[in-house]
2 protein chains.
Amino acid sequence: MAAEPKPLRADAARNRRKLLDAAAEVFGDRGLDAPLEHIARRAGVSIGTLYAHFPTRQAFVDAIFPERLAVLDRIADESLADPDPWRGFVAFLVGIFTLQAEDHGLNDALARRFPQASELAEVCQRGADHAERIIKRAKESGRLRADFELSDLTALTWAMSQVIRESAATAPDAWRRCLAFVVDGLRAEAAHPIGEL
Amino acid sequence: MAAEPKPLRADAARNRRKLLDAAAEVFGDRGLDAPLEHIARRAGVSIGTLYAHFPTRQAFVDAIFPERLAVLDRIADESLADPDPWRGFVAFLVGIFTLQAEDHGLNDALARRFPQASELAEVCQRGADHAERIIKRAKESGRLRADFELSDLTALTWAMSQVIRESAATAPDAWRRCLAFVVDGLRAEAAHPIGEL
DNA sequence: CTACAAATCGAGGACACCCTCGGGTTCGTG
DNA sequence: CACGAACCCGAGGGTGTCCTCGATTTGTAG
């Protein structure tokens with residue numbers, strides 16, 4: 001609960017800020033596996049200083065993405081506010097994947113299974129809670145097929161992450177087309193029993 | 001055209017065989033980025049010998065996967081032989097993804113954009129030709145939505161590759177469920193105009 | 001069996017990235 | 001201003017992988 005355990009020294013706070021900005025840029029450009037040295041260099045700071053502030057790569061991830069993922073709360077709220085539950089559901093999907101498409105690093109992060117105890121996992125849990133409500137509402141409206149589960153949304157996130165990654169350079173909007181096909185398969189009237197494949 | 005440019009010496013032929021087998025195993029277990037040293041060790045051969053036979057990683061890929069992907073010809077034939085074009089189309093999809101799910105290395109290979117001049121790309125071209133016919137037939141039967149293109153199959157391959165990769169350890173059949181949703185979206189009667197997202 | 005070409009071996013240089021630690025620098029308080 | 005604590009620096013040791021090359025072994029043709 002105590003928000004600020006230590007009142008960082010002025011230069012330290014400045015460097016921390018520069019590191020976070022640099023990390024966001026580098027992760028965005030090169031993905032989550034970018035060398036930490038690149039981040040230090042872009043921040044104009046030594047590698048030692050980087051480690052002083054963020055002892056692990058995960059520390060960066062935890063410091064950057066939860067903030068960025070907070071947008072998701074807003075998106076979820078808007079989706080739930082939409083009088084049409086189905087339209088809200090689809091808008092939620094589009095919102096998630098737009099986020100992924102805009103940030104190579106976030107896309108990487110969402111494409112993986114998280115370390116169980118990360119900050120990021122917690123934020124995703126909150127996102128999942130929202131998703132659950134949105135899914136439930138869309139199902140009850142009779143527009144979303146009844147057998148769609150939260151875990152299917154996870155799988156869909158994985159799936160789209162790869163489409164986004166591979167098409168980013170040549171056709172940045174290709175994922176929308178792909179999503180359109182999937183969405184058509186999620187309508188209640190399109191549903192066929194699963195398990196015949 | 002000349003099939004055998006050089007009549008390899010007996011021991012060399014043996015080692016080549018061992019290397020190929022080892023590479024197939026290692027790629028299958030650890031994915032396409034596995035260290036070449038692992039392959040040499042599993043083959044019981046020195047790293048120098050490995051490089052003598054296969055100067056690049058791509059050389060391994062070209063030597064292994066085309067052969068493995070030849071199954072696809074058979075699958076495509078069966079799909080075209082099916083009197084029901086739609087069922088053939090779906091069977092073709094299931095065939096592709098089953099291949100990917102069975103071989104971590106192949107899954108990796110298909111998840112990426114290929115170097116343009118690789119053997120693998122050529123085999124995939126042949127696969128694409130088959131796919132084109134299967135898609136055409138399914139469209140003409142009126143069961144497959146008219147706006148589905150070959151390039152959408154590529155995207156679908158990317159998408160499924162990530163689902164397969166992430167769920168392989170915990171739920172090896174999860175991709176079937178995911179595919180079922182997509183397939184329902186590919187039916188002609190499920191189609192809604194693309195571009196409203 | 002001999003001799004030569006073909007093939008093998010594995011030590012080791014190159015590189016990229018990780019992370020630490022001791023010594024120098026800067027902040028900010030008294 | 002002066003001093004201690006906080007902070008920054010970057011050389012360098014560790015690790016893992018790539019790839020080469022000269023010395024050695026092995027297959028086989030004659």
Side-chain angles (χ1 to χ4, degrees), chain A residues 2-64 104-105 108-109 112 115 118, chain B residues 2-64 104-105 108-109 112 115 118:
Chain A
E4 314 296 340
K6 322 166 189 176
L8 231 39
R9 220 171 74 176
D11 55 344
R14 206 163 39 234
N15 281 338
R16 187 186 150 82
R17 187 68 267 154
K18 283 196 287 186
L19 279 166
L20 282 176
D21 292 345
E25 279 185 57
V26 171
F27 285 158
D29 291 353
R30 316 271 198 184
L32 258 199
D33 292 324
L36 298 181
E37 259 103 353
H38 286 195
I39 297 178
R41 200 173 321 139
R42 181 161 326 195
V45 141
S46 96
I47 184 66
T49 301
L50 180 149
Y51 275 97
H53 284 278
F54 301 96
T56 69
R57 186 180 298 271
Q58 184 66 42
F60 273 112
V61 172
D62 283 345
I64 291 176
H104 202 137
D108 272 16
R112 302 174 188 190
S118 72
Chain B
E4 314 295 339
K6 322 167 190 177
L8 232 39
R9 219 172 74 176
D11 55 343
R14 204 162 41 235
N15 280 338
R16 187 187 151 81
R17 185 71 265 152
K18 285 196 285 186
L19 278 166
L20 282 176
D21 291 346
E25 280 185 56
V26 171
F27 284 159
D29 290 354
R30 316 269 198 188
L32 258 199
D33 292 324
L36 298 181
E37 258 101 352
H38 286 195
I39 297 178
R41 201 173 322 138
R42 181 164 322 198
V45 140
S46 94
I47 182 66
T49 301
L50 180 149
Y51 275 97
H53 284 279
F54 301 96
T56 68
R57 185 180 299 272
Q58 184 66 41
F60 273 112
V61 172
D62 283 344
I64 291 177
H104 202 136
D108 272 16
R112 302 176 188 189
S118 71

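All chains are named by letter (A, B, ...) in the order of the sequence lines, taking the proteins before the strands, and each is independently numbered beginning at 1.
- Between A:Q58 and A:S118, the closest heavy-atom pair is NE2-CB, 3.2 Å.
- Taking both residues in full, the closest heavy atoms of A:D29 and A:R42 are given as OD2-NH2, 3.5 Å, listed atom of the first, atom of the second, then distance.
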Listed pairs, N/O of protein and of nucleotides 16-18 of chain D, under 3.5 Å:
from   : atom 1 : to    : atom 2 : distance (Å)
D:dC18 : OP1    : B:R57 : NH2    : 2.4
D:dC18 : OP2    : B:L36 : N      : 3.0
D:dC18 : OP2    : B:E37 : OE1    : 3.2

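- Note on A:H53: every side-chain N or O is 4.0 Å or more away from OP1 and OP2 of D:dC7.
- Side-chain contact check for B:H38 versus B:R41: some heavy-atom pair is nearer than 4.5 Å.
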### Task
Go along nucleotides 24-30 of chain D 5' to 3' and tag each nucleotide: B for a protein heavy atom under 4.0 Å from its base, S when only backbone or sugar atoms are that close, - otherwise.
--BSS--
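- Distance A:R16 CZ to D:dC7 P: 12 Å, rounded to the nearest Å.
- Among all heavy-atom pairs drawn from B:I64 and B:F27, the shortest one is CD1-CD1, 4.1 Å.
- Along DNA chain C, the stretch of nucleotides lying under 4.0 Å from any heavy atom of chain B spans, 5' to 3', C:dA5 to C:dA11.
- Taking a cutoff of 4.0 Å between a charged side-chain nitrogen and a carboxylate oxygen, A:R112 and A:D33 qualify as a salt bridge.
- In B:R30, the CZ atom is not crowded: 12 or fewer heavy atoms of neighbouring residues, nucleotides or ligands sit closer than 6.0 Å.
- Between B:H53 and B:A12 the shortest heavy-atom distance is CE1-O, 3.3 Å.
- The closest side-chain heavy-atom distance from B:K18 to B:D21 is not below 4.5 Å.
- For D:dC8, neither phosphate oxygen OP1 nor OP2 lies less than 4.0 angstrom from any side-chain nitrogen or oxygen of A:S46.
- For B:F54 and D:dC19, the CZ to C1' distance is 17 Å, given to the nearest whole Å.
- Using a 4.5 Å heavy-atom cutoff, the side chains of B:L36 and B:F54 are not in contact.
- Nearest-nucleotide positions on DNA chain D place A:A12 closer to the 5' end than the other of A:I47 and A:A12.
- Atom OG1 in B:T56 sits 7.5 Å away from atom CG in B:D62 (nearest 0.5 Å).
- Counting heavy atoms from C-beta outward, A:L19 and A:R16 have side chains that stay 4.5 Å or more apart.
- At whole-Å resolution of the value, CG in A:L19 and C1' in D:dC9 are 13 Å apart.
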